[in-house]
Undergrad: 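There's a structure below that I have some questions on.
What you see is a predicted model; the values in this text were computed from it and never measured.
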Amino acid sequence: MEISGRNQLKGKVTGVELGAVMANIKIEVSEPNVITAVITKESAEKLGLAEGDDVTAIIKSTEVIIGK
């Protein structure tokens, strides 16, 4: 499957809870080993980012789409 979204994480479904309208799907993620974040230079400088820093990657999104 080819899509333009870059925030793709491959995984395995580990749980499915079906409700009346919505479904809660648990996905265990092991790949990719590297996540690429594109941020402004200003933000990188403000955070003082450097190789070797411990950080948290937070993916902003209004929805998660599952492809199979």
Undergrad: Transitively linked via ILVMFWY side-chain contacts under 4.5 Å: Val16 with Met22?
TA: no
Undergrad: Any side-chain heavy-atom pair from Ile27 and Thr14 closer than 4.5 angstrom?
TA: no
Undergrad: For Ile58, enumerate each residue passing the side-chain contact (heavy atoms from CB on, under 4.5 Å) test, keeping only those at least two apart in sequence or located in another chain.
TA: Thr56
Undergrad: Distance-only criterion, 3.5 Å: show the donor-acceptor pairs between side-chain atoms of residues 40-47 and protein atoms not counting sequence neighbours.
TA:
residue	atom	partner	partner atom	Å
Thr40	OG1	Ser43	N	3.1
Thr40	OG1	Ser43	OG	2.9

Undergrad: Which heavy-atom pair separates Asp53 from Gly48 by the least distance, and what is that distance?
TA: OD2-O, 3.4 Å
Undergrad: To the nearest 0.5 Å, what is the distance between CG (Leu18) and CG (Asn24)?
TA: 9.5 Å
